[in-house]
Structures are given as C-alpha cells and as structure tokens.
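Structure record follows, encoded as structure tokens.
Not measured: the values here are computed from a predicted model. Position 1 is the first residue of the sequence; numbering continues from there.
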Amino acid sequence: MITIITERQLNQEGAGFWLKAKQAVAAKNFKYAVSILKALVKREPGFLEGRKLLRACEVKTTPDAGRRSSLFGGYRISTTRRDPETTLVTVEDDLEKDPYSVTANETLFAAATDLNLPELAAFALETICQGQPNAKKHMHLLANHYIKNEQFAEAAETYRRILNIDRTDAIAQRGEKDCAARATMKQGNWEGKGDFRTKLKNKSATTDLESADKMGLTRAEMEQRLAQLSEQYAADNTNLQVVKDIASIYEQMEDYANSYSFYAYAYQLSGGADLSINDKAMEVREKAMQAEITYYEQVLAADPNNEEAKATLAARRKEIAEASVADAKARVEANPTDAQLQFKYGQALFDAEQYTEAIAPLQRARTNPNLRIKSMLMLGKCYAAKNMTDMAIRQLEDANKEVIAMDETKKEILYMIGCLYETAGNKEKAIESFKVIYEVDYGYRDVAHKVESAYS
C-alpha cells in the first residue's frame, strides 16, 4: 500500500538519491536533477516532497511547459481506468515532457484519489492551475477536493483565486465565505456532530429545485437558482443531485467550461457507476471546445491575417478530434460488441483524418441494420479521402440502392457519387446523379448550377 512519506522515512538508497538531487539543484544542473528525482519517485511513489522538487526542475528544463495544453484537455473521466499504483509511476514519463500537461496531471489526480492520497491529488491539480492561471474548472475541482478533505482554509484561498479571474462566479463567492467561516470554526473546534449540512437537505428545498427544472427559466431566474444551489453546495459538496443541478444550470447558461467541471465531479461522486453522467460530461466538454473554436473563427472572420488565431484554431480543431478519438476508443474497448460505439469510433477517426484506421470499426458497425446506411456513407468518405475512387463509388452506389426515400441522406449519397464521377472524369455519370437531386430539390448545394451548365 502506497502512503505519503517524508525525507526521514526514505531508506538508505533513497536518501542517497535525495542528497544527490539537492546537490544538483544547488549547482543549477536541473536536467541531472530531473533524472535522479524521476528515478527516486518511481522507487518511492509516495515521496511527495521529491515529486514537488522534480516538477519544479522539469519546469526549469522545459521552456514551452504548458503551451501544448488547453483548458479543455484531459481524460480523467473515462469508462476504463488503469491500475492506479502503476499510473503513479508511468505518468512521470509524460510529465517530464510537459510538467503542466493537463491530461497527465488529471491522470495523476485520478490515481492519487483512487489510492486515497489527498495531498498528492491536490498537488496534481495545483500544478495544472500553476500552468493554466485561468483554469477555473480545475480550481473548482481543487476547491471541491479541499472541502472533501476538510481543508477549508485552502478551499477558501482557492475560491479567492477564482474570484480574481471572475468576480461574478456565484459558487466561488459563496464558497469563499463559507469555507473561510468553516476554517475559523474548525480552528476554534466549534463544529459539532449535528452540523448544519442536514438543515439544507430538507424536502421542501429539493421540491422547489425539482419543480424549477420543469419550466423554462430566464437568465435572472437561472442566476437566482444558481445562488440557491450554491448555498446547498457550500453546505455539502458531496450531494450528487445538487452537483448535477449546478452542472445543468451552467449548461443552460451556456457556460460549458463550468458545466463540464461539475458534471465531471458528479461522475466522480457517482463512483463511476452512472455512465449517463459521463456521457453528459463528454457532451458538454465538446460544446466547450466548440465554443472556443467558434470564437477563433469569429476572430479570423474579422481579421483573416491573424496568424496567431489561425494557429490556435488549427491546434484546437486537432485537439477536439484527438479527444473524440481517445474517448470513443475507451468506450469501444469497454464494450467491443456495441455497434453504435463502433460507428462513433469510426466517425471520430475520420474526423481526425485517420482514414485507414476508421475503416475497420465502420465495417463492424455496418453489420447493424440501424447503422448500415450511415456506416456505408462514412466508408465511402474514407475511401474517397484515400483516393480509392472506384471503391468509394461502389460503396455509395450500394448504399443508394438501399435508401428508398429521397431524404437528406440519399441526397448526400447521390451528391458524393456525382462528385466522385467528376473526379474520375465521367461527366455523364456525374450529371445523372446530380439530376436525381435536381428533380426533387432545386436548391440543394450547387446541383442546379452543375445540371444547368451541362446543357449550355
């Protein structure tokens, strides 16, 4: 069993490593210190002081630390988990490359939480917040963690950091006051067994909140309800229903980053048992990332020569694609016979431009009657992207034969067939496909121009 140990608890060999590391730091030989400390914490994964010094040295030796990370990165929420004891060791390989990595630090946080090592878990979140000073969602997670472990002074300070970023954050406003008060009470030993948490768990309050869910709320009403929920949350941050309600309100307010943070915490509170919360967290995270992409698209629309915005937009698009692939892969590995998950995995791979890898899961999904046409369409797109034009046409023509109604799917299939025939130089076949669409939907894409120009 791994426990947190101090310098005095190191064995003779570990103490020798520790001495050499401190000497290397004193000589400002940080790379050498990293190599020693990395070996030490792998031998003694509970040596938190050594891990902290290692991280400080890695920051010194990694000039672009944190720049490769984004506030919407990370896969702490997943349908599968590795052995946490092994993770404490292996995660250091990723952290050496980028000590502020959101993904790696979230992984460390999850492993430390599973092993009941709250000090190490807090250090992982603190590292993210140091590398991403505006990481509100991780600051909320950190405050939650401190409250869970009754470190109210630390929680209050974390909420103050959030308020320095956003003075309007209702949860941080209430949390800072309540945690500061509770820290004082704890210091004076004023808290009794019959604490005030139970007073806020009354049925009437719950009924009010549930009834509010059933009707549309104005912005002002949502803010009022969020204030109500904040009081309950400050009193008991382990109330799963309250955490889910807060996540839902933030989602309705289109504050997707905070919504994701609370759905993530709700999934953690459920012990990983409620996968519907995990699904919701992933959905909101995608909305958060898409909101960031939309912002940079607007920046570029106003200033097409903004190279920084171009680079950031490309990086975020790639990040979303990679995030979708990783999440879809984890779900498929957990449920390999689920055709719907296979389709989503293939679609995610296609969006990430991994066309070859997308073929196998899409072929597996094609065996499901409800997914057959969508899978065939995606396979056609994969073959087309790989310049396998004849195979793409054959796949799409097979799909077209099976779709009777002239719906949007059939139009897309016919349009792709036409474009592929154009690419292959067979204009007659191309026009035949475009005409079928033209006869029922004159305004579909540019089919009117393609068909009419064939007669001129």
Side-chain angles (χ1 to χ4, degrees), residues 1-62 65 82-101 104-131 138 141-158 161 179 182-184 186-189 191:
M1 180 179 177
I2 297 175
T3 59
I4 298 298
I5 63 173
T6 64
E7 177 183 352
R8 292 183 179 181
Q9 294 171 292
L10 291 171
N11 59 27
Q12 186 175 0
E13 185 180 25
F17 273 80
W18 182 234
L19 177 61
K20 287 182 181 178
K22 290 193 291 184
Q23 289 172 342
V25 171
K28 296 186 178 181
N29 190 350
F30 300 114
K31 287 189 177 180
Y32 181 50
V34 166
S35 65
I36 298 172
L37 289 165
K38 187 177 174 184
L40 176 57
V41 299
K42 285 190 173 186
R43 289 168 181 259
E44 299 287 353
F47 184 35
L48 181 55
E49 189 177 353
R51 209 178 283 256
K52 288 181 177 180
L53 183 59
L54 169 60
R55 206 70 75 243
C57 291
E58 287 168 340
V59 170
K60 291 282 188 181
T61 58
T62 314
R82 295 179 180 176
D83 171 42
E85 292 190 10
T86 302
T87 298
L88 288 193
V89 175
T90 58
V91 74
E92 289 299 335
D93 294 329
D94 293 326
L95 287 164
E96 183 179 5
K97 299 171 187 174
D98 183 1
Y100 290 140
S101 167
N105 278 294
E106 285 184 340
T107 300
L108 178 59
F109 170 76
T113 300
D114 288 345
L115 293 169
N116 194 27
L117 301 172
E119 303 98 324
L120 179 54
F123 170 61
L125 291 180
E126 286 283 10
T127 303
I128 294 176
C129 296
Q130 181 182 345
H138 290 98
L141 285 173
L142 180 59
N144 294 340
H145 177 74
Y146 281 138
I147 293 171
K148 183 179 179 181
N149 290 281
E150 299 189 353
Q151 294 176 264
F152 302 118
E154 290 82 355
E157 176 56 32
T158 304
R161 287 155 64 184
C179 288
R182 295 184 73 180
T184 302
K186 185 177 181 182
Q187 186 177 9
N189 196 26
E191 287 187 311

Quick one: pull up OH in Y146 and CD in Q151 and give me the separation to the nearest 0.5 Å. 6.0 Å
Is there a side-chain contact between P118 and H145, using heavy atoms and a 4.5 Å cut-off? yes
Distance in Å, F109 CZ paired with H138 NE2, rounded so as to fall on 0.5 Å steps: 9.5 Å
List the steps, then state whether salt bridge (charged side-chain N to carboxylate O under 4.0 Å, His left out) holds for R55 with E92. CA-CA 9 Å; R55 206 70 75 243; E92 289 299 335; 2.9 Å; yes
Contact check, side chains of T127 and P99, non-hydrogen atoms, under 4.5 Å: no
Going from CZ on F152 to OG1 on T158, what distance comes out if it is rounded to the nearest 0.5 angstrom? 13.0 Å
Hey, is E119 close enough to R51 for a salt bridge, meaning N to O under 4.0 Å? no
Where I36 and F17 come nearest, the two heavy atoms and their spacing: CG2-O, 3.3 Å
Drop me the distance from E96's CD to K31's NZ, to the nearest 0.5 angstrom. 10.0 Å
Residue F123 excluded, over 12 heavy atoms near CZ under 6.0 Å: yes
From CA spacing to verdict: salt bridge (charged side-chain N to carboxylate O under 4.0 Å, His left out), E58, K97: CA-CA 8 Å; E58 287 168 340; K97 299 171 187 174; over 6 Å; no
Would you check, one step at a time, whether the test salt bridge (charged side-chain N to carboxylate O under 4.0 Å, His left out) holds for K22 with E7? CA-CA 12 Å; K22 290 193 291 184; E7 177 183 352; 3.4 Å; yes
Just wondering, more than 12 heavy atoms not from K42 lying within 6.0 Å of its NZ? yes
Indicate yes or no for a side-chain donor-acceptor contact from S35 to the backbone of Y32 under 3.5 Å, with no hydrogens or angles considered. yes
Checking side-chain polar atoms at under 3.5 Å, does S101 have a donor or acceptor matched by the opposite partner on D98? no
Which residue, T113, I2, L88, forms the side-chain contact (heavy atoms from CB on, under 4.5 Å) with L120? L88
Are the side chains of T3 and I5 in touch, meaning some heavy atoms are under 4.5 Å apart? yes
F47 vs I4 side-chain heavy atoms within contact, under 4.5 Å: no
Any chance you could lay out the side chain to side chain contact (heavy atoms under 4.5 Å, CB included) test for N105 and L95, step after step, and finish with the verdict? CA-CA 8 Å; N105 278 294; L95 287 164; 3.5 Å; yes
What is the minimum heavy-atom distance between A143 and A155, and which atoms define it? O-CB, 3.9 Å
Hey, are the side chains of E85 and M1 touching, using non-hydrogen atoms and a 4.5 Å cut-off? no
Give the C-alpha distance, both sets of side-chain angles, the deciding distance and a yes or no for side chain to side chain contact (heavy atoms under 4.5 Å, CB included) between D93 and K38. CA-CA 9 Å; D93 294 329; K38 187 177 174 184; 2.8 Å; yes
For residues A15 and L10, report the shortest heavy-atom separation together with the two atoms involved. N-CB, 3.9 Å
Minimum heavy-atom separation for A33 to A21, with atom names? CB-O, 4.1 Å
Do N11 and E44 come within less than 4.5 Å of each other through their side chains, counting heavy atoms only? yes
Nearest 0.5 Å, please: how far is NZ in K52 from SG in C57? 14.5 Å
Note, Y100 side chain near I128 side chain (heavy atom, < 4.5 Å): no
Within the 4.5 Å heavy-atom criterion, are R161 and L142 side-chain neighbours or not? yes
Heavy-atom pair of closest approach, residues V91 and A104: CG2-O, 3.3 Å
Any idea which heavy atoms bring T86 and D83 closest together, and the distance? OG1-OD2, 2.6 Å
